[in-house]
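Report on the following structure.
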Amino acid sequence: MIPFEKLLNPEQLAAATAGDGPLLVLAAAGTGKTRTLVYRVAYLVEQGIPPDSLLLLTFTNRAAREMITRAEQVAGGLTGGIWSGTFHHVCNRFLRRYADRLGFRHDFTILDRDDTRSILDECVKALKLNRKEFPKRDVLAALFSTAANRCVPVFDVIEKSIDELNVDPMDIVRVHEGYEQRKHQLGAMDFDDLLVNGLRLLREHEEVCRSYQTRFRHILVDEYQDTNLLQAQLVDLLGAHYRNVMVVGDDFQCIYGWRGADFRNIMEFPKRYPDCRIVKLEQNYRSVPEILEVANACIAGNPEQFQKTLRATRLSRVKPRALFLRDGDEQAKALVRLVRRHQEDGFNLSQMAVLYRAHFHSIELQMELSRAGIPYVITSGVGVFEQAHVKDVLSFLRVCCQPGDRLAFARLLGMMYGVGPKAIEGYWEKLGGRFDSRNGQQRAALCAMIKPSARAEWTAIDRLLGAYHQENLSVNGGEIVSRFFDQFLHAYLERVYEHADKRADDIQELAVQIMQSPDVPAFLSEVALLTNVDHEYTQRQTQDAPDRLQLSTVHQAKGLEFPVVFVIWVAEGMFPSSRTLGEAGDDAEERRLFYVAVTRAKDELCLLAPEMRRSRDPRPSFPS
DNA sequence: GTTGGGAGAATTTTT
DNA sequence: TTCTCCCAAC
C-alpha cells in the first residue's frame with residue numbers, strides 16, 4: 001500500500017485518490033501537477049485497474065515517459081502497458097490498426113514539414129499562378145493547419161487574414177484542394193491528418209469507437225489548456241462511456257493559441273461535464289516568494305480566467321532582478337558575467353537556463369558564450385530529425401520499406417550525381433508510380449534506366465536494398481544505417497556539405513536511436529512524431545550529461561524547472577513579439593508566455609532588457 | 001537538364 | 001548567420 005496521505009498535500013491527495021467521474025484539476029505552475037498525475041496513475045493501478053485500460057495523454061513524448069517512469073517507481077513496476085503519449089502519437093496508434101477503414105494502407109507515410117512543403121510547391125506550380133505575388137508555402141501550410149485544428153473550412157481562415165494576403169482567396173482554396181488530392185494519391189497523412197482522421201475513425205466506425213471507449217476505463221490528460229478543438233472532441237468521445245475523464249491544466253499557461261489551442265476547452269470543461277469535481281492546486285513548491293510575486297503580477301491583468309493565486313511555501317531569498325542594457329551585444333556580455341558570478345556562488349551550469357521568445361534571439365549570446373568558453377546546449381529550431389542529412393538517411397529507409405513513397409524515392413535519387421527532378425519523374429513514371437525494393441525486377445529496371453554518371457553510386461545502393469530484404473535487416477536498423485553511411489552517405493556528405501564530420505556524428509547517433517524501435521517500419525512511423533525536446537531527453541538519460549548551460553525558447557522549456565533562470569530580450573517587439581502585437585487578444589497570450597518563463601525559476605530570476613530600438617518602456621511584459 | 005556559384009533575403013512559437 | 005532563389009555554364 002502506498003501511503004498517499006503522507007506523500008501528498010490535501011488538494012493533491014483529493015485529486016489523486018478521487019473516485020469515478022469527471023475531474024478537473026487546476027494546477028498553477030510549480031504546484032506538483034506532475035506529481036499528482038503520477039500518483040493518480042499509481043493509485044488507479046493499486047486499485048486494481050489494469051494498466052492497459054489507462055490512457056495518458058501528454059503534450060510531449062518526453063512528459064509521457066517521465067510520468068510513466070515515475071509512476072513505475074511509485075507503484076513498484078506494475079504500470080506496464082499503459083497507453084501514453086501525445087495526441088498525435090495515440091491517434092497514430094489507432095490509425096496503424098484501422099487505417100483500412102478510412103481507405104489508407106496500414107503503412108501509410110506521415111508527412112513531415114519538408115514533405116508538406118514540397119507537395120505545396122508542386123500544387124502551386126501546377127496551378128501556374130504567378131508565384132511572386134502568391135503566399136509562400138509556409139504561409140499556406142500554416143493556413144491549412146489552422147483550418148484543420150480549428151475545424152473550420154479553409155476559406156474562413158483565409159477570409160480573416162485576407163487583407164494581408166492580397167490574392168484571390170479561391171486560388172488558395174484551389175491549392176488546398178490540390179494538396180488534399182496529392183496526399184490522397186500518396187496515401188499519406190500530415191500531422192493534422194493524424195488528429196482529423198483519428199477523430200473521423202471514431203466517429204464513422206462505431207464498433208471501433210466502442211472498442212476504445214470500453215477499453216479505456218480512465219483517461220488522463222495533461223496540459224489540457226493547450227488542447228485544440230479536435231483534441232477536446234477526441235477526449236470527450238473516448239471518455240463517453242465511463243466518463244472517467246481527468247484533465248489537468250492551468251489556463252494561465254495556455255501558450256499554443258497560434259496552433260489552434262483554445263483555452264476555452266478548459267474554461268468550459270465544467271459546462272460540458274456538469275457533474276465534474278474541481279480541485280485547485282495553489283501551493284507552489286518550486287519558487288521563492290519574490291518570483292511568485294512577479295508571476296502573479298504579470299497575468300493579473302488578463303480577463304477571462306479561473307481565479308488562482310500562487311501561494312508560496314518556500315522561504316524568501318534574493319529578489320528577482322531586471323537589468324537594462326544598451327543593446328544585444330552588451331546583454332550577451334552581461335549574461336556571461338552573471339553566469340560566472342553564479343558559478344562562484346556554487347551553481348552548476350546545468351542549473352541555469354537562458355530563455356527567450358524566438359530562436360534567433362540567442363545568436364549573439366551563442367557567439368559570446370563560445371568566446372568566453374562557457375559550454376552550452378541549445379534545443380535548436382530545426383529538429384534533430386529534420387536536418388537535411390538525417391532526412392537523407394530516412395528517405396533511404398523509406399524506400400526500403402514503403403513502395404508507394406514517391407517523396408522518399410525522389411529524395412534518394414536526387415542524391416545521385418547528375419540526376420535531377422526531370423529524370424526522377426521519368427523513372428517514377430516508367431516504374432508505374434511505385435517502386436517496390438523487394439521486387440528484383442523493378443530494381444533491375446531502375447538500374448538499367450539510371451544515368452551513367454550515377455550508375456556506380458546507385459549500384460551500391462541497389463545492393464543495400466537487396467541486402468535489407470534478404471538479410472532481414474528490418475529488425476537491425478542500426479546495421480543498415482551504418483552500411484548506408486559507409487557505402488554511400490559518407491562520401492556524399494563530403495561532397496555536398498561543409499561540416500561533413502559533424503553531420504556524420506548525427507548519423508551515428510541515428511543508428512543508435514533506431515535500435516530503440518523494434519524494427520525499421522516502427523521507427524519510421526514514430527520518427528516524424530519525435531521532437532528535439534524528446535531527443536534531448538533521451539540523450540540526457542543515456543550519457544552522463546556534461547555540465548552545460550541550457551538555452552531554450554520559452555515554449556520548449558514548458559514543464560521544466562531550473563534553479564536560476566535568465567530571460568533575455570525582454571523588450572517591446574522582441575518579447576512581446578512584434579508579430580503578434582498587431583493581432584487583438586494575443587497580447588494576453590504573450591503575457592501568459594512570460595508567466596511560463598518566470599515560473600520556471602526556483603531560486604533566482606533575472607530579466608535582461610536591451611533597449612536596442614528607441615522603445616520607451618523596456619518592461620512591456622508587466623501589465624502596469 | 002543539371003550543377004554550382006553568387007547574390008539576396010530573412011528570420012515566432014511546434015506536433 | 002542560414003536558407004532560397006536565380007542565372008550562367010557544363
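Chain naming here is simple, since letters A, B, ... match the order of the sequence lines and numbering starts at 1 in each. The basis for the numbers below is simple: all heavy atoms, side chains too, and nothing from hydrogens, waters or symmetry mates.
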- prompt: For B/dT13, does either OP1 or OP2 sit under 4.0 Å from a side-chain N or O belonging to A/H359?
  reply: yes
query: Do side-chain atoms of A/R455 reach the backbone of A/A448 as a donor and acceptor pair under 3.5 angstrom?
result: yes
query: Within 45 degrees of the axis of the six-membered ring of A/F108 and under 6.0 Å from its centre: does A/R96 put its NZ or CZ there?
result: yes
field: Rounded interatomic separation in angstrom, taking CG from A/L529 and P from B/dT14
entry: 16 Å
- request: Using whole Å, report how far CG of A/D192 lies from P of B/dT15.
  value: 13 Å
statement: When rounded to whole Å, the CG to C1' distance for the pair A/L120 and C/dT4 reads 17 Å
message: Check whether A/F263 forms a cation-pi arrangement with A/R592 (NZ or CZ under 6.0 Å from the six-membered ring centre, at most 45° off the ring normal).
response: yes
- prompt: Separation of A/Q387 atom CD from C/dC3 atom C1', in whole Å?
  reply: 14 Å
field: Contact nearer the 5' end of DNA chain B, comparing A/L593 with A/Y417
entry: A/Y417
message: Need one value for A/V554: base, sugar-phosphate or nothing, where a base atom within 4.0 Å counts as base even if backbone is also close, heavy atoms only.
response: nothing
field: A/R117, nearest nucleotide to its side chain (from C/dT4, B/dT15, B/dT13)
entry: C/dT4
field: OP1 or OP2 of B/dT12 under 4.0 Å from side-chain N/O of A/T553
entry: no
statement: By side-chain contact (heavy atoms from CB on, under 4.5 Å), A/A295 pairs with (sequence neighbours left out) A/L310, A/Y595, A/V598, A/T599
message: Applying a 4.0 Å non-hydrogen cut-off, can you work out what A/R495 is touching in the nucleic acid: base, sugar-phosphate, or nothing?
response: nothing
message: Taking 4.0 Å as the cut-off, does a side-chain nitrogen or oxygen of A/Q556 come that near to OP1 or OP2 on B/dT13?
response: no
task: Just compare B/dG1, B/dT15, B/dT12 and give me whichever is closest to any side-chain atom of A/R357.
output: B/dT12
- prompt: Quick one: stems for DNA chain B, with Watson-Crick or G-U pairs under 3.5 Å, at least three in a row?
  reply: B:1-9 with C:2-10
field: Same-atom distance (C1') from C/dT4 to B/dT13, integer angstrom
entry: 22 Å
message: Tell me whether A/R93 forms a cation-pi arrangement with A/W83, defined as NZ or CZ under 6.0 Å from the six-membered ring centre and within 45 degrees of its axis.
response: yes
- line: Across all chains, not counting sequence neighbours, the salt bridge (charged side-chain N to carboxylate O under 4.0 Å, His left out) partners of A/R411 are A/D392
- prompt: Which one, C/dT4, B/dG1, B/dT15, comes nearest to the side chain of A/R137?
  reply: C/dT4
Nucleotide of B/dT2, B/dT15, B/dT14 approaching A/K451 most closely (side-chain heavy atoms): B/dT2
- prompt: Phosphate oxygens OP1/OP2 of B/dT15: is one of them under 4.0 Å from a side-chain N or O of A/R113?
  reply: no
- line: From CD of A/Q231 across to P of B/dT14 the rounded distance in Å is 16 Å
- line: In whole angstroms, the gap separating P of C/dT1 from CD of A/Q366 amounts to 12 Å
- prompt: For A/F87 and A/G418, take the nucleotide of DNA chain B holding the closest heavy atom to each; which residue's nucleotide lies nearer the 5' end?
  reply: A/G418
field: Modelled atom types, side-chain donor and acceptor of A/S145 and A/N149, under 3.5 Å
entry: yes
task: Just say parallel, tilted or perpendicular for the rings of A/W258 and A/H555, cut-offs at 30° and 60°.
output: perpendicular
task: Rounded off to whole Å, could you give me the CZ-to-P distance for the A/R62 and B/dT14 pair?
output: 12 Å
field: Ring-on-base stacking B/dT13 with A/W258 (under 5.5 Å, under 30°)
entry: yes
- prompt: Would one find a side-chain N or O of A/H361 under 4.0 angstrom from OP1 or OP2 of B/dT13?
  reply: no
statement: A/K558 NZ to B/dT14 P, in whole Å, measures 11 Å
message: Regarding A/R65 and A/N61, do their side chains bring together a donor and an acceptor under 3.5 Å, going by distance alone?
response: no
message: What's the closest nucleotide to the side chain of A/F360 if the choices are B/dT15, B/dT13, B/dT11?
response: B/dT11
